[in-house]
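Scroll down for the structure; my scribbles are underneath it.
Since we're looking at a predicted model, the values are computed, not measured. Side chains are part of it too, since the values below use all heavy atoms of this structure and drop only hydrogens, waters and symmetry mates. Chain letters run A, B, ... following the sequence lines, proteins first and then strands; every chain starts at 1.
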There are 2 protein chains.
Amino acid sequence: MEGQPSARATGTAPGLQRADGSPVRVLVVDDEPSLAELLASVLRYEGWEIRTAATGSIAVRTAREFEPDAIVLDIMLPDFDGLEVLRRVRTMLPHVCVLFLTARDSVQDRINGITAGGDDYVTKPFSLEEVLARLRGLLRRAGMARASSGTELTVGDLTMDEDAREVRRGGERIDLTATEFELLRFMMRNPRRVLSKAQILDRVWNYDFGGQAHVVELYISYLRKKVDTGREPLIHTVRGVGYVLKPPA
Amino acid sequence: MEGQPSARATGTAPGLQRADGSPVRVLVVDDEPSLAELLASVLRYEGWEIRTAATGSIAVRTAREFEPDAIVLDIMLPDFDGLEVLRRVRTMLPHVCVLFLTARDSVQDRINGITAGGDDYVTKPFSLEEVLARLRGLLRRAGMARASSGTELTVGDLTMDEDAREVRRGGERIDLTATEFELLRFMMRNPRRVLSKAQILDRVWNYDFGGQAHVVELYISYLRKKVDTGREPLIHTVRGVGYVLKPPA
DNA sequence: GCTACTTCTGAGTATCCTCTGAGCCCCTCG
DNA sequence: CGAGGGGCTCAGAGGATACTCAGAAGTAGC
């Protein structure tokens, strides 16, 4: 919710934009309107220009006219499937990046061929942070990084290499589980900003997660044990509001 | 609530307006007329242009014609719910900010993803200051800040970073509870202006709070202990009238 | 299909916050 | 000089919030 844009403007996370400085363009293709809208609003908030399409044929038409830099593409579509969409789009936009959305039990072997081409995929239900991270990765590798600043996040003496999935505090390696890593990444992308539990749930947990904010407390507790134990704490509780990650004053 | 407008004209708080200099437009949607009017009057004092709507269908129609920058939107509406309203409005106004109003006991069936796209929510019963603060935050992040002045409030050597919820006096950190923070924020947004206890109650405490003005005295006392102890006082009592926050002459 | 790990639920505990009530002080005014 | 009103502060009850543990359910890897 609060403040990604200004965070990007003033924070440490590198922004992404086209070579000419105009905003990155992303086409979102999913036949479920609420999910497409959810994705669109998150990506829009990232400062990008977004269009949505609900069917394969609309997607192809929209891509032709919109000329996106990236496409978030559901494999399963009412008319023809995502791979077919990609085949048609690639003829006019050979360099477009694609992030596929797939069902968990969907045909894995077909996916494998995809990633070879530099594209990527996430399985439904996904977390929004994961979609964002993968999209950023695709765009960065496609040469859309504004600064040459790499993939490293830093808060105080805590560092995170997103690609290598490596976290260190004062040089010492810290092992994190998948969820712990996502949570810490979200916090490191929004340092010095108080994040509510609802905000964290919405971003870090899968979009269909029905549980309570209590899990956030639990994972904060895990993180503290691994990141803050015996050191100057970086994770702080703001009672009644949320949590904030910040370097010691 | 007397006279906020002139406070803004002379105060230090950064104003918000559209890129072309015209006032920010906000649509308030709630089926309870008295609450909608309460909100409308407070937001009008902020210098914004306000319309209200009591049902979802009226809200959609009004949004189309009014083209608001932000919408304060009750989730529970007589015809169709707030999410549906948003979905319809977003197709024509993709960048509109939304502040949802939700009942406290509907926290159980919390709606996923509300905060993900930069939108926000407050639970009923809320305090008007909270609604204002969140709305300002949404609008600021949507790029509606007049000055580039960030999120910082200043009165004398007292500073407040609203996003980080950090308060300092002369560089030294001051820890405040949620209510203390809200009270101080209200005073810092209205410096050199005498605020009556009734006024403070109406703004800082929830609108259904039944207690006495005595709590205001109590919290002023808390604040003084944390903010003014051992220093030139910033908080002054105006006997029989209220309190005023101002830098030393 | 078994094992190891991760994730989540629930309960208990500790801590913190908010508000009420009471007593005191100070100022004002008779 | 005394009474009364307004304001200040202390202390404590009650409630809300957050933390942690232990174990169940789910997932992945062998």
| query | Are any of A:T237's side-chain N or O atoms less than 4.0 Å away from OP1 or OP2 of D:dC19? | reply | yes
| task | Identify the heavy atoms of B:L184 and B:L176 that sit nearest to each other, and give their distance. | result | CD2-CD1, 3.7 Å
| query | Looking at D:dC19, D:dC10, C:dT9, which one has an atom nearest to any side-chain atom of A:R224? | reply | D:dC19
| said: Quick check for you: among D:dC8, D:dC19, C:dC19, whose closest atom lies nearest to any side-chain atom of B:E217? | reply: D:dC8
| field | C:dG10 base / A:H214 side chain donor-acceptor hit below 3.5 Å | value | yes
| task | State, yes or no, whether a side-chain contact exists between A:L132 and A:R203 at a heavy-atom distance under 4.5 Å. | result | yes
| request: Starting at atom CD1 of A:I200, determine the distance to atom C1' of C:dT7, rounded to an integer number of angstrom. | output: 17 Å
| Quick one: is C:dT6 close enough that its OP1 or OP2 comes under 4.0 Å of any side-chain N or O from A:T179? | no
| Do A:R185 and A:E182 meet the salt-bridge criterion of a basic N to acidic O distance under 4.0 Å? | yes
| Does the C:dT15 base have a donor-acceptor partner in the side chain of A:R239 within less than 3.5 Å? | yes
| note | Among the nucleotides C:dC8, D:dC19, C:dC16, whichever has the atom closest to the side chain of A:F209 is C:dC8
| query | Of the candidate nucleotides C:dT18, D:dC8, C:dT7, which contains the atom at the shortest distance from the side chain of A:A178? | reply | C:dT7
| request: To the nearest Å, give me how far apart CG (B:L218) and P (D:dC10) are. | output: 10 Å
| field | Euclidean distance, atom OH of residue A:Y243 to atom P of D:dT17 [Å, nearest integer] | value | 13 Å
| task | Let me know, please, whether B:Y222 or B:K197 comes out on the 5' side of the other along DNA chain D by nearest nucleotide. | result | B:K197
| query | Rounded to whole angstroms, how far apart are CG on A:D208 and P on D:dG26? | reply | 14 Å
| query | Would you say the side-chain atoms of B:D81 pair up with the backbone N or O of B:E84, donor to acceptor, closer than 3.5 Å? | reply | yes
| field | Side-chain N,O (A:S221) to OP1/OP2 (D:dC19) below 4.0 Å | value | no
| Taking only side-chain nitrogens and oxygens of A:W205, does any of them come within less than 4.0 Å of OP1 or OP2 of C:dC8? | yes
| task | To the nearest Å, give me how far apart CD1 (B:I220) and C1' (D:dT9) are. | result | 14 Å
| field | Nearest-Å distance for atom pair OH/C1', residues A:Y219 and D:dA18 | value | 18 Å
| query | Do B:R189 and B:E162 sit within salt-bridge range, that is, some charged N less than 4.0 Å from a carboxylate O? | reply | yes
| task | In whole angstrom, give the distance that lies between atom CG of A:L176 and atom C1' of C:dT6. | result | 13 Å
| For atom CD of B:Q212 and atom P of C:dT18, their distance in whole Å | 19 Å
